[in-house]
Amino acid sequence: MTRPIVFLGPSLATKDARALLDADYRPPVRQGDVMRAIEARPPAIAIIDGIFKDAPTVRHREILWALSEGVPVYGAASMGALRAAELDDSGMIGVGLIYRWYRRYPLLPDDAVALTHAPAALGHHALSDALVDIRRSLSAAVRAGEIDAATARRLADKAADLPFPDRRLTDLAASELPEGPRIVSRVDQKARDAKALLRRLARHAEKSDWPRVAAARPPIVHAWLDDLRDSGLPAPADPQTRSN
């Protein structure tokens, strides 16, 4: 396979992604998807969006398995940024501000990048706003003079207290500023980071200089394989029983 595999959902419209990179675009990653992607032997796997609550999330050892198979794995924007921040010491490659944010502050809540979205048939259209995008938008609104810093802090705190499916910047602004100034400065940081990752992959594709990966097999791999089988997913062969 000559094209990378990219797991993408609400962070960026697929048509916009295709304008940046020719790739095999797949829905948000869930447990077992990276393992199946390895079978195609792509030059790289990129995780942008992933499932948070409707299905088992992609496990760390599944990504480590891909790396041990010699396939570079990138992450950005959403689930990809989370996993890259957790696994970059093991070889996963993170891209973008959100990845750097989680890398620097490892105790930040995972749900800061979470949101609800429409199904694949409707293009994974976002139905709520990620906290990271709300915070970035409020900072931009302060710089633009649309709101003051105190109002921005109150709105950010309100957003953080809400369950992630209920976070919407327009609703928050309406509750705080019913007849006041409008917040028109919007920053879609997840989309920015997703685009940065796709541009990076496009440069590798143009030059055919994909990174070489030399990662060890993940520890306690048997427990991960058993977990896959218990979930009804076909598991790869155990490395200790695989024939050469």
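Residue numbers start at 1 and run along the sequence shown.
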Exercise. Are Ile147 and Val142 side-chain neighbours, meaning at least one heavy-atom pair lies under 4.5 Å?
Worked result: yes

Exercise. How far apart are the C-alpha atoms of Arg83 and Val58, what are their side-chain angles, what is the distance that settles it, and do they pass the side chain to side chain contact (heavy atoms under 4.5 Å, CB included) test?
Worked result: CA-CA 9 Å; Arg83 291 294 182 259; Val58 62; 4.1 Å; yes

Exercise. Donor-acceptor pair, Gln189 side chain versus Arg136 backbone, under 3.5 Å?
Worked result: no

Exercise. Has the side chain of Asp133 got a donor or acceptor atom that lies under 3.5 Å from a matching backbone atom of Ala130?
Worked result: no

Exercise. Are Glu146 and Ser185 close enough that some pair of their side-chain heavy atoms sits under 4.5 Å apart?
Worked result: yes

For this session: Report yes or no: does Arg167 contribute a side-chain atom to a donor-acceptor pair with the main-chain N or O of Leu162 at less than 3.5 Å?
Result: yes

Exercise. Run the side chain to side chain contact (heavy atoms under 4.5 Å, CB included) check on Val34 and Phe7 step by step: do they pass?
Worked result: CA-CA 9 Å; Val34 169; Phe7 293 98; 4.3 Å; yes

Exercise. Honestly curious: do Trp210 and Val213 fall in one hydrophobic cluster under the side-chain, below-4.5 Å linking rule?
Worked result: no

Exercise. With no hydrogens and no angle check, is any side-chain donor or acceptor of Ser128 less than 3.5 Å from a backbone partner on Thr116?
Worked result: yes

Exercise. Given side chains that start at C-beta, do those of Pro43 and Pro4 come closer than 4.5 Å, heavy atoms only?
Worked result: yes

Exercise. Under 4.5 Å between any side-chain heavy atoms of Leu97 and Asp193, yes or no?
Worked result: yes

Exercise. Roughly how far, to the nearest 0.5 Å, is CD of Glu62 from CZ of Arg36?
Worked result: 8.0 Å

For this session: Heavy atoms only: give me the nearest Ala40-Ile5 pair and the separation to one decimal.
Result: CB-CD1, 4.3 Å

Exercise. Does Ser11 offer a backbone N or O that forms a donor-acceptor pair with the side chain of Asp49 under 3.5 Å?
Worked result: yes

For this session: Working to the nearest 0.5 Å, report the span between CD1 of Ile134 and OG1 of Thr170.
Result: 9.0 Å

For this session: Quick one: closest heavy-atom pair of Leu197 and Ala76, and the distance?
Result: CD2-CB, 3.7 Å

Exercise. So, for Arg41 and Glu69, which heavy atoms are closest and what is the spacing to 0.1 Å?
Worked result: NH2-O, 2.7 Å

Exercise. Is Arg18 close to Leu21 at the side-chain level, that is, under 4.5 Å between some pair of heavy atoms?
Worked result: no

Exercise. For Thr151 and Arg154, what are the C-alpha separation, side-chain angles and deciding distance, and is it a side chain to side chain donor-acceptor pair (under 3.5 Å)?
Worked result: CA-CA 5 Å; Thr151 299; Arg154 287 196 302 273; 3.2 Å; yes

Exercise. Atom OG in Ser78, atom CD1 in Ile98: separation rounded to 0.5 Å?
Worked result: 7.5 Å

Exercise. Is a side-chain N or O of Glu86 found less than 3.5 angstrom from the main chain of Tyr102, in a donor-acceptor match?
Worked result: no

For this session: Decide whether Tyr105 and Met92 are clustered together by the hydrophobic rule: side chain heavy atoms of Ile, Leu, Val, Met, Phe, Trp, Tyr closer than 4.5 Å, transitively.
Result: yes

Seminar exercise, completed: When rounded to the nearest 0.5 Å, the distance separating CG of Asp111 from CG of Leu82 is 10.0 Å

Seminar exercise, completed: Given the options Arg135, Lys190, Arg186, Asp129 meets salt bridge (Lys or Arg N to Asp or Glu O under 4.0 Å) only with Arg186

For this session: List the atom of Gly94, the atom of Ala84, and the distance in Å for their closest heavy-atom pair.
Result: CA-CB, 3.6 Å

For this session: State the CG-OG1 distance between Asp24 and Thr2, to the nearest 0.5 angstrom.
Result: 10.5 Å

Seminar exercise, completed: Here the gap from Met35 atom CE to Arg61 atom CZ, rounded to the nearest 0.5 Å, amounts to 15.5 Å

Problem set entry | pair Ile47-Ile63: side-chain heavy atoms closer than 4.5 Å | yes

For this session: Would you please test Ile48 and Leu12 for side chain to side chain contact (heavy atoms under 4.5 Å, CB included) and show each step?
Result: CA-CA 9 Å; Ile48 294 175; Leu12 185 68; 5.9 Å; no

Exercise. Hey, quick one: are Val29 and Ile38 part of the same hydrophobic cluster, counting side-chain heavy atoms closer than 4.5 Å, chains of contacts allowed?
Worked result: yes

Problem set entry | Arg3 versus Ala23, closest heavy-atom pair with distance | NH1-O, 3.1 Å

Exercise. Within the distance-only criterion (no hydrogens, no angle test), does the side chain of Thr57 pair as donor or acceptor with the backbone N or O of Ile51 below 3.5 angstrom?
Worked result: no

Exercise. Is there a path of hydrophobic side-chain contacts, each under 4.5 Å between heavy atoms of I, L, V, M, F, W or Y residues, that connects Phe164 with Val113?
Worked result: no

For this session: Run the salt-bridge test on Arg103 and Asp88 with the 4.0 Å N-O cut-off and return the result as yes or no.
Result: yes

For this session: Please report the shortest heavy-atom distance between Ala152 and Leu138, naming the atom on each side.
Result: O-CD1, 3.6 Å

Problem set entry | Flag side-chain contact, heavy atom, 4.5 Å: Val73 against Leu64 | no

List, one per line, each side-chain donor-acceptor pair under 3.5 Å for residues 198-208, sequence neighbours excluded.
unit_1 : atom_1 : unit_2 : atom_2 : d
His204 : ND1    : Asp209 : O      : 3.3
His204 : ND1    : Asp209 : OD1    : 2.9
His204 : NE2    : Tyr74  : OH     : 3.3

For this session: Answer yes if Val71 and Met79 sit in the same cluster of Ile, Leu, Val, Met, Phe, Trp and Tyr residues linked by side chain heavy atoms under 4.5 Å apart, and no otherwise.
Result: yes

